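First the structure, in the form of structure tokens, and then the observations on it.
Because the structure is predicted, anything quoted here is derived from the model rather than measured. The figures that follow rest on heavy atoms only: side chains count, while hydrogens, waters and symmetry mates do not. All residue numbers refer to positions in the sequence shown, counting from 1.
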Amino acid sequence: MASITTDATKHIISEIPTYITVYSDGTVDRPRQAPTVPPNPDHPNSPSKDIIISQNPNISARIYLPKNPTTKLPILVFFPGGGFFFESAFSKLYHEHFNVFAPQANSIVVSVEYRLAPEHPLPACYNDCWNSLQWVASNSAPNPVNPESWLINHGDFNRVFIGGDSAGGNIVHNIAMRAGSEALPNGVKLLGAILQQPYFYSSYPVGLESVKLKSSDKDFHYSVWNFVYPSAPGGIDNPMINPVGIGAPSLDGLGCGRIIICVAGKDGIRERGVWYYELVKKSGWKGKLELFEEEDEDHVYHIFHPESESGQKLIKHLASFLHE
């Protein structure tokens, strides 16, 4: 009879139950992570391939190109959601979404694989995403160091956008703020930003949260932020999660000309998206601002169901935003 041995010393170091567990031997379990899938360079509508943006730190991306483009296309640099600690640009979920989105939006999509917490606590992901945007812009030069032919041959560097859902929407805000104070290579300007059900929080309720939010929901948001950024100055009111937290720069410094914030009526963080819209509106920011709401949908519905009626409605709206 074969003996079965187990590592009796292995135990849980930290966890967010049902989302992520960190063990004493360094292993991490992410039970909600969608399976990863390879790119499909032969897709009939949206060929894709994986690219290396940086080897130190390790940043990569999956790039999607609508089939047989005849003109230069907008470039959307996208930051996937997942609470800063799970999900991937290479997951089946995002891959299937962009197979639908890229050809319908008639845009190049660069979906960024940034480093995740807790192995790489924040602000690592913000730096990775900024470096990714810089790399995209660098391809507008005559002889880029790390060239990407799809961007060079088919990308319109006068129409560079950033976008993201949930935690990715939070990243969009932070990258847009950075673009307001730091120049991108070769004079490239960030034209617009798409925040889809963005993840913000604070030590105080906003909007209808004082009525609708359960104490367990509040505890969850605190747990997530402490898990991904344990050293955050100001804690849950750090300007990266609370855009008007102590020491936050004015939102009139957002470094793009157009912003759309997408919220969903049944989403637990809907109030935060509306709050962010109102904050930007009151800040004195000079760009074009829009709030898009789908009342009968939940969090990131369009990522899960891009071909649903509501998903198609949002994709068509974002296509108009990218080609405006």
For I315 against H97, the heavy-atom pair lying closest together | CD1-CE1, 4.5 Å
Rounded to the nearest 0.5 Å, how far apart are SG of C262 and CD of E293?
-> 10.5 Å
Is a side-chain N or O of S320 found less than 3.5 angstrom from the main chain of K316, in a donor-acceptor match?
-> yes
Grab the two heavy atoms, one from A167 and one from G83, that are nearest each other, plus how far apart they are.
-> CB-N, 3.6 Å
Residues E271 and K212 bridged, charged N to O under 4.0 Å | yes
Looking at side-chain heavy atoms only, is the closest gap between F86 and P31 below 4.5 Å?
-> no
Is the closest side-chain donor-acceptor distance between D165 and Y94 under 3.5 Å?
-> yes
Report the C-alpha separation of K313 and E294 in whole Å, then their side-chain angles, then the decisive distance to 0.1 Å, and conclude whether the salt bridge (Lys or Arg N to Asp or Glu O under 4.0 Å) test is met.
-> CA-CA 9 Å; K313 180 181 172 185; E294 194 65 58; 3.4 Å; yes
In plain terms, say whether R32 and E87 are close enough for a salt bridge, that is, a side-chain N and a carboxylate O under 4.0 Å apart.
-> no
In one Ile/Leu/Val/Met/Phe/Trp/Tyr side-chain cluster, 4.5 Å: Y201, L251 = yes
Okay, side chain of N153, backbone of S149: is any donor-acceptor separation there less than 3.5 Å?
-> yes
Would a 4.5 Å heavy-atom cut-off, applied to side chains only, mark I108 and H154 as touching?
-> yes
H305 and Y301: aromatic ring centres closer than 6.0 Å?
-> no
Anything under 3.5 Å between a donor and an acceptor, one on a side chain of residues 178-200, the other on a protein residue two or more places apart or in another chain? List them.
{"unit_1": "R178", "atom_1": "NE", "unit_2": "E182", "atom_2": "OE2", "d": "3.0"}
{"unit_1": "R178", "atom_1": "NH1", "unit_2": "N127", "atom_2": "OD1", "d": "3.2"}
{"unit_1": "S181", "atom_1": "OG", "unit_2": "R178", "atom_2": "O", "d": "3.3"}
{"unit_1": "N186", "atom_1": "ND2", "unit_2": "A137", "atom_2": "O", "d": "3.3"}
{"unit_1": "N186", "atom_1": "ND2", "unit_2": "S140", "atom_2": "OG", "d": "3.0"}
{"unit_1": "Q196", "atom_1": "OE1", "unit_2": "H302", "atom_2": "NE2", "d": "2.6"}
{"unit_1": "Q197", "atom_1": "OE1", "unit_2": "V300", "atom_2": "N", "d": "3.0"}
{"unit_1": "Y199", "atom_1": "OH", "unit_2": "H221", "atom_2": "ND1", "d": "3.3"}

Donor-acceptor contact present, side-chain N226 to main-chain Y222, <3.5 Å = yes
Just by modelled atom types, is the P35 backbone N or O under 3.5 Å from a matching donor or acceptor in the S91 side chain?
-> no
Assess whether side chain to side chain contact (heavy atoms under 4.5 Å, CB included) is satisfied between L122 and M240, documenting all intermediate values.
-> CA-CA 10 Å; L122 272 59; M240 287 177 167; 5.8 Å; no
For F304, does the CZ atom sit with more than 12 other heavy atoms under 6.0 Å from it, leaving out its own atoms?
-> no
Using the rule that two of Ile, Leu, Val, Met, Phe, Trp, Tyr join whenever any of their side-chain heavy atoms come within less than 4.5 Å, decide whether L289 and V206 are in one cluster.
-> yes
Should the ring pair F292 and H317 be called parallel, tilted or perpendicular, given that the plane angle runs from 0 to 90° and is split at 30 and 60?
-> tilted
Does the side chain of D237 pick up a donor-acceptor pair with the side chain of S203 at under 3.5 Å?
-> yes
Shortest non-hydrogen separation from S210 to P205 and the atoms involved | N-CB, 3.9 Å
Heavy-atom side-chain contact between F90 and P38 under 4.5 Å = no
Using a 4.5 Å cut-off on heavy atoms from C-beta on, say whether the side chain of R115 contacts that of C125.
-> no
Hey, does V172 have a side-chain heavy atom less than 4.5 Å from the side chain of F79?
-> yes
Would E96 and K92 pass as an ion pair if we require N to O under 4.0 Å?
-> yes
If Ile, Leu, Val, Met, Phe, Trp and Tyr residues are connected whenever their side-chain heavy atoms lie under 4.5 Å apart, and connections chain through other members, are L254 and I261 in the same group?
-> yes
Euclidean distance, L322 CG relative to L76 CG, rounded to 0.5 Å | 6.0 Å
Looking only at heavy atoms, which two atoms of P66 and A102 are closest? And how far apart?
-> CG-O, 3.5 Å
Separation of T71 OG1 from L73 CG (nearest 0.5 Å) | 5.0 Å
Between N174 and N170, is there a donor-acceptor pair closer than 3.5 Å when you use the side chain of the first and the backbone of the second?
-> yes
Under 3.5 Å donor-acceptor, H95 side chain and R62 backbone = no
So, for F101 and Y64, is the gap between ring centers shorter than 6.0 Å?
-> no
With no hydrogens and no angle check, do the side chains of S88 and E113 hold a donor and an acceptor under 3.5 Å apart?
-> yes
Using only heavy-atom distances, determine whether the side chains of Y204 and N242 contain a donor-acceptor pair under 3.5 Å.
-> yes
Does atom NZ of K218 have more than 12 heavy-atom neighbours from other groups under 6.0 Å away?
-> no
Salt-bridge present (E295, R270; N to O < 4.0 Å) = no
Nearest-0.5 Å distance, CD1 of residue I59 to SG of residue C129 = 8.0 Å
Please tell me if the side chains of S111 and F98 come closer than 4.5 Å, counting only heavy atoms from C-beta onward.
-> yes
Which pair of heavy atoms, one from P233 and one from N238, lies closest together, and at what distance?
-> O-ND2, 2.9 Å
Carefully, step by step, assess F78 and F161 under the rule ring pair (Phe, Tyr, Trp, His ring centres under 6.0 Å).
-> CA-CA 8 Å; F78 190 87; F161 297 81; over 10 Å; no
Do we see a donor-acceptor contact under 3.5 Å between the side chains of H43 and S48?
-> no
Are P74 and H323 close enough that some pair of their side-chain heavy atoms sits under 4.5 Å apart?
-> yes
Where the side chain of N146 meets the backbone of I52, is there a donor-acceptor pair that is under 3.5 Å apart?
-> yes
Which pairs, with at least one residue in residues 272-287 and sequence neighbours excluded, count as a side chain to side chain donor-acceptor pair (under 3.5 Å)?
-> H173-Y276, S202-R272, E209-R272
Do any N or O atoms from the side chain of S250 and from the backbone of G253 form a donor-acceptor pair under 3.5 angstrom?
-> no
E119 and R30: CA distance, side-chain angles, deciding distance, salt bridge (Lys or Arg N to Asp or Glu O under 4.0 Å) verdict = CA-CA 12 Å; E119 296 93 333; R30 294 176 166 92; 2.7 Å; yes
E307 atom CD, over 12 foreign heavy atoms within 6.0 Å | no
What are the two closest non-hydrogen atoms of M177 and P249, and how far apart are they?
-> CE-CG, 3.6 Å
So do the side chains of V28 and T21 get within less than 4.5 Å of each other, counting heavy atoms only?
-> no
Honestly curious: do I53 and V109 fall in one hydrophobic cluster under the side-chain, below-4.5 Å linking rule?
-> no
Would you give the length of the straight line joining atom NZ of K49 to atom CD1 of I63, rounded to the nearest 0.5 angstrom?
-> 6.5 Å
Side chain to side chain contact (heavy atoms under 4.5 Å, CB included) with I162: which of V136, I75, L133?
-> L133
Under 3.5 Å side-chain donor-acceptor pair for D29 and Y19 = no
Got a second to check how far W225's CH2 is from I241's CD1, nearest 0.5 Å?
-> 4.5 Å
Report yes or no: does Q312 contribute a side-chain atom to a donor-acceptor pair with the main-chain N or O of P306 at less than 3.5 Å?
-> yes
Are the side chain of H11 and the backbone N or O of T9 linked by a donor-acceptor pair below 3.5 Å?
-> yes
